[in-house]
Novice: 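Got a structure for you, questions after.
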Amino acid sequence: MVRRRRVRFTGKFYMLLTVLLFIIGAAAVLLLNGSQGETLEVAAMETKIAAKGIIIRDEMSVTVDRYDRVAFSAAEGAAAYEGMPVASVFKWGYSDDMLQSLISVETDIYAAQKALLQGVENADLANIELQIEQKRDAIRNFSTDGEGDLLQLENDLKTLLTQRKTYLRSAVQPTEALNSLYASEAEKQAQLASYMTEVSASGTGVISFYFDGYEQALNYDKLDMLNPELIERVIKNTANMAGGTAENLLYRLVNPNLWHIAFLTGKNDPLRIMPGSQYTVSVSSAPGRTYTGTAVSAEVYDGGVVNLLVFSEDIGPLLSARTAEITLTAPAGGLSISAEALKMKDGVAHVVVRTDGEEREIPVDVLAVTDGIALIQTKDPADPVAAGMRYVKP
């Protein structure tokens, strides 16, 4: 005969059962609430966008007739004023023998003048000679210590040599032999001048001798021609080159305080710049330096969104750069939402809100996205979003 055992439920069993029922009920409530959506709440976040952009300057490219040789009078990055000497350009047919011949005659003239002043003390001439030797020493030592501006040193030496030449012309009574040398010098100077053109700055700005072939397409007056294809082509193919890409390009005259950066974001990427907002921009090639840019536009194309920033501060080391790795940051305030709840339609972000049991889509601007949370604001004042609205996650 089988004996049946009676199961007795203790107080501990009933306590566990109560806890289990509570957990199931709470889960059901949460599930029900989730199906009804979540609530938009006021929040603050940091906008952060990293991209590779292209640099567009307000500049003019200066060209000259095809030349054989050029001697620059201004350095890369020099501040220019109207009429400032930039370069001496020698046209085709010029030969260095012409210059060497002139230098040879000038050397003979100097030797003859010094011979005529033999034994005569001249403090002014001695002072000029001392400055010339000091400047020559500085040029010789430049390659070893690297201190100073070599082009400036060479220009200073030219000025001193001209000063000495002028002084000796006035201090030395010419002889027949010296007059003959003067005549030969004038003839060779005229020959050289027939091949040489002095180029001066046509206005104020900053001088640059670097060209990459995009100076015409990417300029301040061509901003309306920007498109994703052009930006992608520049990013893939750009390469800075000293001396220019054509034989008649000489230099660029750049406005250092008006320039732009353009970059692409995906058409279905909700995060882009907000026109009118300011961003702190750091550039990988200029460590330790930041710029402040104002968002101009974020134009949607099939190939992506063209984001355009304008800057009104000194361009600095970006004077001759065409592309740059950039990071934009800015504080932002708006409404927080799960990033999963954003829907992209024709390049515009939308959220689905539920009011009075009905669902409808509202276009929004996305200010930031971090860790699965997005910060949004009203895009169309006629169809606003507000704190307390319930939104639906897909």
Side-chain angles (χ1 to χ4, degrees), residues 67-81 83-90 94-115 117-118 120-172 185 188-189 192 196 198-201 205-211 240-244 250-254 256 285-289 314-321:
Y67 57 85
D68 185 70
R69 180 177 178 272
V70 61
F72 293 109
S73 305
E76 174 75 16
Y81 55 86
M84 184 186 85
V86 176
S88 299
V89 177
F90 299 85
Y94 162 80
S95 169
D96 283 342
D97 291 341
M98 298 178 188
L99 180 59
Q100 291 303 319
S101 180
L102 174 61
I103 292 174
S104 178
V105 172
E106 290 176 338
T107 302
D108 291 342
I109 290 172
Y110 175 65
Q113 291 169 331
K114 289 286 286 185
L117 289 175
Q118 188 76 26
V120 179
E121 292 187 6
N122 190 309
D124 292 335
L125 179 59
N127 180 51
I128 297 174
E129 297 279 21
L130 176 61
Q131 292 182 66
I132 289 174
E133 286 308 309
Q134 290 174 338
K135 201 64 66 175
R136 282 174 171 160
D137 285 341
I139 292 172
R140 282 191 291 268
N141 295 330
F142 180 84
S143 60
T144 56
D145 57 33
E147 295 183 3
D149 183 334
L150 181 58
L151 183 58
Q152 184 60 52
L153 291 173
E154 291 173 343
N155 287 337
D156 291 345
L157 178 58
K158 289 178 183 177
T159 300
L160 287 168
L161 291 172
T162 300
Q163 184 179 346
R164 184 180 71 180
K165 181 178 180 178
T166 302
Y167 183 84
L168 286 171
R169 282 288 183 106
S170 64
V172 176
E185 179 189 38
K188 295 182 184 303
Q189 286 175 336
L192 193 63
M196 183 179 68
E198 295 289 350
V199 179
S200 302
V206 175
I207 299 291
S208 177
F209 302 104
Y210 288 79
F211 294 89
N240 288 335
M241 295 171 290
L250 188 62
Y251 74 94
R252 294 182 295 119
L253 186 61
V254 183
S285 59
R289 179 167 185 166
D314 185 22
I315 194 170
L318 302 181
L319 173 66
S320 300

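Note: hydrogens, waters and symmetry copies are ignored here, and every other heavy atom, side chains too, is used. Residues take their numbers from the sequence shown, with the count starting at 1. Note that the structure is predicted; figures quoted are calculated from it, not measured.
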Novice: How long is the gap from CG on Asp156 to CD on Gln134, to the nearest 0.5 Å?
Specialist: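 Separation between the atoms: 12.0 Å.
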Novice: What do the steps show when you test Glu106 against Leu161 for side chain to side chain contact (heavy atoms under 4.5 Å, CB included), and what is the final call?
Specialist: CA-CA 11 Å; Glu106 290 176 338; Leu161 291 172; over 6 Å; no
Novice: Mind checking the CD-CG spacing from Gln163 to Leu160? Nearest 0.5 Å is all I need.
Specialist: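 Taking CD in Gln163 and CG in Leu160, the distance rounds to 6.0 Å.
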Novice: Could you pull out all residues at least two apart from Ser101 that satisfy side chain to side chain donor-acceptor pair (under 3.5 Å)?
Specialist: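 Only Lys188 meet the side chain to side chain donor-acceptor pair (under 3.5 Å) criterion with Ser101.
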Novice: Sequence neighbours left out, what passes side-chain contact (heavy atoms from CB on, under 4.5 Å) with Val254? Give chain and number order.
Specialist: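 Expected list: Arg57, Glu59, Arg252, Leu319.
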Novice: Taking side chain to side chain donor-acceptor pair (under 3.5 Å) as the definition, give me every residue that meets it alongside Arg69, ordered by chain and number, with sequence neighbours left out.
Specialist: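 Partners of Arg69 by the side chain to side chain donor-acceptor pair (under 3.5 Å) criterion come out as none, since no residue qualifies.
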Novice: Quick one, Leu168 with Leu117, criterion side chain to side chain contact (heavy atoms under 4.5 Å, CB included). Give me CA distance, side-chain angles, the key distance, then yes/no.
Specialist: CA-CA 9 Å; Leu168 286 171; Leu117 289 175; 3.7 Å; yes
Novice: Rounded to the nearest 0.5 Å, what's the gap from CZ on Phe90 to OG on Ser95? Could you check?
Specialist: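 Result: 11.5 Å between the selected atoms.
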Novice: Leu151 and Ala75: which non-hydrogen atoms are nearest, and at how many Å?
Specialist: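 Of all heavy-atom pairs spanning Leu151 and Ala75, the closest is CD2-N, 3.2 Å.
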Novice: Please report the closest heavy-atom contact between Ser208 and Glu76, naming both atoms and the distance.
Specialist: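 The pair with the smallest heavy-atom distance is OG-OE2, 2.8 Å.
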Novice: With a 4.5 Å limit on heavy-atom distance, are the side chains of Phe209 and Val86 in contact?
Specialist: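 Yes; the side chains approach each other to less than 4.5 Å.
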Novice: Side-chain contact, heavy-atom cut-off 4.5 Å: Met196 with Tyr94?
Specialist: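 Met196 does not reach Tyr94 side chain to side chain.
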Novice: Identify the heavy atoms of Arg289 and Pro317 that sit nearest to each other, and give their distance.
Specialist: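 In terms of heavy atoms, the two residues are closest at NH1-CD, 3.3 Å.
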Novice: Under the 3.5 angstrom rule, does the side chain of Ser104 hit a backbone N or O of Gln100 as a donor-acceptor pair?
Specialist: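 Looks like no, no N/O pair under 3.5 Å.
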Novice: List for me each residue that meets salt bridge (charged side-chain N to carboxylate O under 4.0 Å, His left out) alongside Arg169, sequence neighbours excluded, and say none if there are none.
Specialist: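 Testing Arg169 for salt bridge (charged side-chain N to carboxylate O under 4.0 Å, His left out), a comparison that skips the adjacent residues, returns Glu185.
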Novice: Once salt bridge (charged side-chain N to carboxylate O under 4.0 Å, His left out) is applied, do any residues pair with Asp137, and if so which ones, sequence neighbours excluded?
Specialist: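 Here the qualifying residues are Arg140.
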Novice: Can you see which heavy atom on Pro85 is nearest to which on Ala74, and at what distance?
Specialist: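 Nearest pair, atom of Pro85 first, then Ala74: O-CB, 4.1 Å.
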Novice: Kindly indicate, with the supporting measurements, whether the criterion side chain to side chain contact (heavy atoms under 4.5 Å, CB included) is fulfilled by Leu318 and Ser285.
Specialist: CA-CA 8 Å; Leu318 302 181; Ser285 59; 4.1 Å; yes
Novice: To the nearest 0.5 Å, what is the distance between CD on Gln131 and CG on Leu157?
Specialist: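 Interatomic distance, Gln131 CD to Leu157 CG, rounded to 0.5 Å: 11.0 Å.
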Novice: In Å and rounded to the nearest 0.5 Å, what is the CZ to CD distance from Phe142 to Gln152?
Specialist: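 Result: 11.5 Å between the selected atoms.
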Novice: Can you give me the closest heavy-atom contact between Leu253 and Ala80, atom names plus distance?
Specialist: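 That closest heavy-atom pairing would be CD1-CB, 3.9 Å.
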Novice: Output side-chain donor-acceptor pairs under 3.5 Å for residues 121-129, partner residues at least two apart or in another chain, one line each.
Specialist:
residue	atom	partner	partner atom	Å
Asn122	OD1	Asp124	N	3.2
Asn122	OD1	Leu125	N	2.9
Asn122	OD1	Tyr167	OH	2.8
Asn122	ND2	Tyr167	OH	2.8
Glu129	OE1	Tyr110	OH	3.3
Glu129	OE1	Arg164	NH1	2.9
Glu129	OE2	Tyr110	OH	2.5

Novice: Starting at CG of Leu102, measure out to CG of Asp97 and round the result to the nearest 0.5 Å.
Specialist: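 Answer rounded to 0.5 Å: 12.5 Å.
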Novice: Please report the C-alpha distance between Phe72 and Ile207 in whole Å, then the side-chain angles of each, then the deciding distance to 0.1 Å, and finally whether the side chain to side chain contact (heavy atoms under 4.5 Å, CB included) criterion is met.
Specialist: CA-CA 11 Å; Phe72 293 109; Ile207 299 291; over 6 Å; no
